[in-house]
Amino acid sequence: MSIYQHFRPEERDFIDQVLGWKDYVESSYAPRLTDFLDPREQQIIKALIGTQSEVQLEFFGGYSDAERKRALLFLDYMEPGAGDFHLTLFELEYAKKFVTIEHRQVLGSLMSLGLKRGKFGDILVSDEQVQFVACQEVADYVKVQLDKVGNAGISLKELPLESAIAEKEEWNESAVTSSSLRLDTIVSTIYRISRQKSQLLVQQGRVKVNWKTSENPAFELAEGDIISIRGMGRTKIVTVEGKTKKDNWRIIAGRKK
C-alpha cells in the first residue's frame with residue numbers, strides 16, 4: 001500500500017521531503033530543523049513520523065500558541081530546547097501617532113524581500129505593537145533590507161522570544177455533519193450559507209485553504225486545514241471523526257473568535 005494514497009496528490013513533494021528528513025536524521029545521527037510549517041504541514045509530518053520511530057519530533061514557533069511552527073526531527077537521546085529552533089523575534093518601530101500598520105501589509109513587505117514564506121512565522125499585531133518571528137538564518141538580511149511596510153518607514157528591534165505579544169488564540173469548536181468533504185460543501189455547512197453562494201465565493205477567489213487561494217469547489221478538505229474567507233473570518237478542521245449512519249461526515253470545526 002502506497003503511503004501517498006493517504007494524502008493529496010499535490011502534497012506528494014512535501015511527503016518526499018519529510019521522508020528525506022527522517023532518513024537524514026537516522027543515517028547521520030544529527031537533528032534536522034525545518035522552515036516554518038503551516039498547520040496542515042504539521043499534521044502531515046506528525047502522521048509520517050509517528051510515535052513508534054526512534055526519530056522524535058517537536059514543534060516551536062517562538063511562543064506557546066504559535067500557529068506557524070518550525071519542526072525539529074531528532075534522535076531520542078537528544079533533549080531539545082527553545083534555542084535549538086533558531087528563531088528571532090522582531091518588533092517594528094515606526095511613527096505610531098501617524099501610521100496604522102496591518103497584518104497584510106507586514107506579510108506583503110516580508111514577501112517582497114525575495115524570501116520564502118517558510119522563513120517567517122506568525123505576524124503579531126496588538127493595537128500599535130507589531131511583531132513577527134523569523135528564522136535566525138535570515139534575520140540579519142531582514143534587518144538590513146526591511147525599512148518600509150506599506151508607506152511607512154520602519155526599523156526593526158530584536159526582542160527575546162519571551163516578549164512576544166500574542167495571546168492564546170480562541171476558537172469556538174462545534175460538531176457539524178456534511179454530505180462530503182468538498183470545499184464548497186464544508187463552507188456552506190460551517191458558514192451557514194447556500195451551496196450556490198459558497199461555490200461563488202470559491203470561484204471568485206475569496207476563499208483560501210492553508211493561506212493559498214483555492215478556486216476549485218471540489219477541493220477535498222482534511223484534518224488540520226485552515227479555511228479563510230475574505231470578510232467572513234477563519235475556520236479550521238480540527239478532526240474528521242468518520243461517517244454517520246446516514247453516510248454523512250462528522251466533523252469538529254473551529255471558528256476563530
Side-chain angles (χ1 to χ4, degrees), residues 1-90 107 110-111 113-124 131-146 156 158-164 166 209-212 222-226 236:
M1 182 183 296
S2 170
I3 196 169
Y4 301 109
Q5 71 181 46
H6 301 291
F7 302 94
R8 299 170 180 143
E10 64 269 22
E11 292 170 339
R12 183 167 185 150
D13 287 346
F14 182 68
I15 292 166
D16 289 340
Q17 197 172 27
V18 173
L19 296 176
W21 295 335
K22 183 174 181 288
D23 289 344
Y24 169 82
V25 173
E26 290 174 332
S27 61
S28 68
Y29 299 96
R32 179 65 167 83
L33 180 64
T34 74
D35 284 346
F36 284 97
L37 306 175
D38 65 40
R40 173 60 182 169
E41 291 169 328
Q42 294 169 36
Q43 192 87 22
I44 292 171
I45 195 171
K46 282 180 187 175
L48 293 172
I49 299 302
T51 57
Q52 305 303 315
S53 168
E54 65 175 339
V55 175
Q56 305 294 302
L57 178 66
E58 284 196 16
F59 298 97
F60 187 52
Y63 61 102
S64 60
D65 297 299
E67 185 171 78
R68 297 178 63 85
K69 301 174 185 177
R70 300 187 86 170
L72 183 67
L73 290 78
F74 57 94
L75 294 177
D76 51 13
Y77 61 80
M78 181 179 174
E79 296 184 7
D84 293 301
F85 289 85
H86 301 293
L87 302 175
T88 299
L89 176 67
F90 284 115
L107 179 58
L110 290 173
M111 296 310 296
L113 300 180
L115 297 171
K116 297 187 299 181
R117 180 65 179 96
K119 294 300 180 184
F120 304 105
D122 289 358
I123 297 168
L124 316 171
Q131 301 175 342
F132 65 89
V133 187
C135 293
Q136 205 172 78
E137 60 266 26
V138 301
D140 289 343
Y141 175 80
V142 172
K143 198 168 186 177
V144 170
Q145 296 294 323
L146 189 66
L156 293 177
E158 288 188 39
L159 295 175
L161 296 177
E162 293 77 14
S163 299
V209 179
N210 300 329
W211 298 273
K212 301 179 183 71
E223 285 187 10
D225 281 338
I226 301 284
K236 66 177 177 180

What pairs with [X] under side-chain contact (heavy atoms from CB on, under 4.5 Å), at least two apart in sequence or on another chain?
X	result
Ser28	Tyr24, Ala30
Leu161	Phe60, Leu87, Leu89
Asp76	Glu54, Gln56
Asn210	Arg8, Asp38, Arg40, Asp225, Ile226

Restricting to side chain to side chain donor-acceptor pair (under 3.5 Å), what partner residues turn up for [X], sequence neighbours left out?
X	value
Asp84	none
Glu223	Gln43
Lys116	Asp35

Which distance, rounded to the nearest 0.5 Å, do you find between the [atom1] of [X] and the [atom2] of [Y]?
X	Y	atom1	atom2	value
Asp122	Phe132	CG	CZ	12.5 Å
Glu58	Glu79	CD	CD	9.5 Å
Gln145	Leu156	CD	CG	11.5 Å
Ile45	Ile15	CD1	CD1	11.5 Å
Leu33	Trp21	CG	CH2	9.5 Å
Cys135	Tyr141	SG	OH	14.5 Å

Using a cut-off of 6.0 Å, state whether more than 12 heavy atoms not belonging to Tyr29 lie near its atom OH.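 Incorrect, the count does not exceed 12.
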Please check if the number of heavy atoms outside Glu10 that lie under 6.0 Å from its CD is greater than 12.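 Result for CD/Glu10: enclosed.
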Salt bridge (Lys or Arg N to Asp or Glu O under 4.0 Å) with Lys236: which residues, sequence neighbours excluded?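 For Lys236 there are no salt bridge (Lys or Arg N to Asp or Glu O under 4.0 Å) partners, ignoring immediate neighbours.
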With sequence neighbours left out, write down each residue that passes salt bridge (Lys or Arg N to Asp or Glu O under 4.0 Å) with Glu137, or none if nothing qualifies. Arg70, Lys119
For [X], which residues count as a ring-ring contact (aromatic ring centres under 6.0 Å, His included) partner, sequence neighbours excluded?
X	answer
Phe120	none
Phe74	none
Phe36	none

Which heavy atom of [X] sits nearest to which heavy atom of [Y], and what is that distance?
X	Y	answer
Phe85	Ala71	CE2-C, 4.4 Å
Gln42	Lys69	NE2-N, 3.5 Å
Gly224	Pro39	O-CB, 3.6 Å
Ala139	Phe90	O-CZ, 3.6 Å
Ala164	Tyr63	CB-CB, 4.1 Å

Could you go through the side-chain contact (heavy atoms from CB on, under 4.5 Å) check for Val142 and Thr88 one step at a time? CA-CA 11 Å; Val142 172; Thr88 299; over 6 Å; no
Are the side chains of Val138 and Leu113 in contact, using a 4.5 Å heavy-atom criterion?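 Sidechains of Val138 and Leu113: no contact.
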Check whether any side-chain heavy atom of Leu37 sits under 4.5 Å from a side-chain heavy atom of Phe14, and report yes or no. yes
Working note: Thr34 + Leu73, criterion side-chain contact (heavy atoms from CB on, under 4.5 Å); need CA distance, chi angles, decisive distance, verdict. CA-CA 8 Å; Thr34 74; Leu73 290 78; 4.2 Å; yes
Going through the checks in order, is the side-chain contact (heavy atoms from CB on, under 4.5 Å) test met by Leu48 and Phe7? CA-CA 11 Å; Leu48 293 172; Phe7 302 94; 4.0 Å; yes
Intermediate values then yes/no, side-chain contact (heavy atoms from CB on, under 4.5 Å), Leu75 and Met78: CA-CA 6 Å; Leu75 294 177; Met78 181 179 174; 5.8 Å; no
